[in-house]
Amino acid sequence: MYTDHAMSCTFCKIIDGKIPSTAVYQDDLGYAFADVNPQAPVHVLIVPREHIGSLAEADQSQRDLLGHLLLAAADIARKKGLGNGYRIVVNTGEEGGQTVDHIHLHLLGGRPMTWPPG
Ligand code: AMP
Ligand code: ZN
């Protein structure tokens, strides 16, 4: 039984194993995998198993889920040895640079980050 998202969304397909990925972490609520085009020595994407289009589409019913994913990202950072710091990015919408319409946290680390971002 597939939803429309499961058939059309890249990250839903990754979660379903229809597109291969390198798993970093998973639990009942989320899945984390290596970004295919890494922008830093560590570049992991953390996504909810539930399809949410973007942060702009999230609501209060997803508060615990989003908090869970943020803490999962911190846990992955710890396990990856990013004790000197890292960056979490949630690109949102067209001007935010979002290219995959399934909410995701980028975990970037292993090099100094600059500010402002591009
Ligand atoms: P964003 O531009 O914030 O929407 O981020 C989308 C990210 O997904 C980019 O960093 C892409 O490199 C990454 N990406 C797209 N397709 C795949 C894939 N099949 N496996 C892993 N990462 C992907
Ligand atoms: Zn999706």
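Just follow the structure's listing: the first ligand is 1, and inside any ligand the first atom is 1. Small disclaimer: the values here were computed from a predicted structure and weren't measured. The first residue in the sequence is number 1, and the count goes up from there. Any value given below was found using the heavy atoms of this structure, including those in side chains, with hydrogens, waters and symmetry copies removed.
Looking at ligand 1, you'll find an N or O of Val100 within less than 3.5 Å of one of its N or O atoms. Ligand 1 has no nitrogen or oxygen under 3.5 angstrom from a nitrogen or oxygen of His43. Residue contacts with ligand 1: His104 is placed with a nitrogen or oxygen under 3.5 Å of a nitrogen or oxygen of the ligand (distance criterion only). On a distance-only criterion, Phe33 and ligand 1 share no N/O pair closer than 3.5 Å.
Against a heavy-atom cut-off of under 4.0 Å, Gln98 is close to the following atoms of ligand 1: 4 (O). Heavy-atom contacts of Ala34 reach the following atoms of ligand 1: 21 (C) (cutoff under 4.0 Å). Ligand-side atoms of ligand 1 in range of Phe11: 8 (O), range being under 4.0 angstrom from any heavy atom. Within the listing of ligand 1, atoms 12 (O) sit less than 4.0 angstrom from a heavy atom of Asn37.
Taking OG of Ser21 as the reference point, atom NZ of Lys13 lies at 13.5 Å (rounded to 0.5 Å). From His5, atom NE2 reaches atom CG of Asp16 across 12.5 Å, with rounding to the nearest 0.5 Å. The CG atom of Asp35 lies 6.5 Å from the NE2 atom of His106; values are rounded to the nearest 0.5 Å. Interatomic distance, CD1 of Ile52 versus SG of Cys9, reported as 11.0 Å (0.5 Å rounding). Atom NE2 of residue His68 and atom CG of residue Asp27 lie 3.5 Å apart, to the nearest 0.5 angstrom. Atom SG of Cys12 and atom NZ of Lys18 lie 11.5 Å apart (nearest 0.5 Å).
With distances taken over non-hydrogen atoms, the option nearest atom 17 (C) of ligand 1 out of Asn91, Leu108, Val36, Val90 is Val36.
Note on Val42: it does not cluster hydrophobically with Leu45, by side-chain heavy-atom contacts below 4.5 Å among ILVMFWY residues. Residues Met113 and Leu82 do not share a hydrophobic cluster, clusters being chains of Ile/Leu/Val/Met/Phe/Trp/Tyr side chains in contact below 4.5 Å.
Contacts between Ser21 and ligand 1, counted as non-hydrogen atom pairs separated by less than 4.0 Å, are absent for every part of the residue. Here His106 has side-chain heavy atoms under 4.0 Å from ligand 1, and that is the only part of it that gets that close. At a heavy-atom distance under 4.0 Å, only side-chain atoms of Ile14, from C-beta outward, approach ligand 1.
Between His102 and His104, the distance from one ring center to the other does not fall under 6.0 angstrom. Between Phe11 and Phe33, the distance from one ring center to the other falls under 6.0 angstrom.
Residues Tyr86 and Gly109 come closest through the heavy atom pair CB-CA, 4.3 Å.
Under the 4.0 angstrom criterion for non-hydrogen atoms, Pro20 is not in contact with ligand 1.
His43 places a side-chain N or O within 3.5 Å of a backbone atom of Gln39 that can act as its donor or acceptor partner.
Protein heavy atom closest to atom 12 (O) of ligand 1, with residue, atom name and distance, is Asp35 OD1, 2.5 Å. Counting only heavy atoms of the protein, atom 2 (O) of ligand 1 lies nearest to Thr99 OG1, 2.8 Å.
The side-chain contact (heavy atoms from CB on, under 4.5 Å) with Ile46 is formed by just one residue from the set Leu69, Asp75, Val24, Ile103; it is Leu69.
The count of protein N, O or S atoms under 2.8 Å from the Zn ion (ligand 2) stands at 4, with waters excluded from the count.
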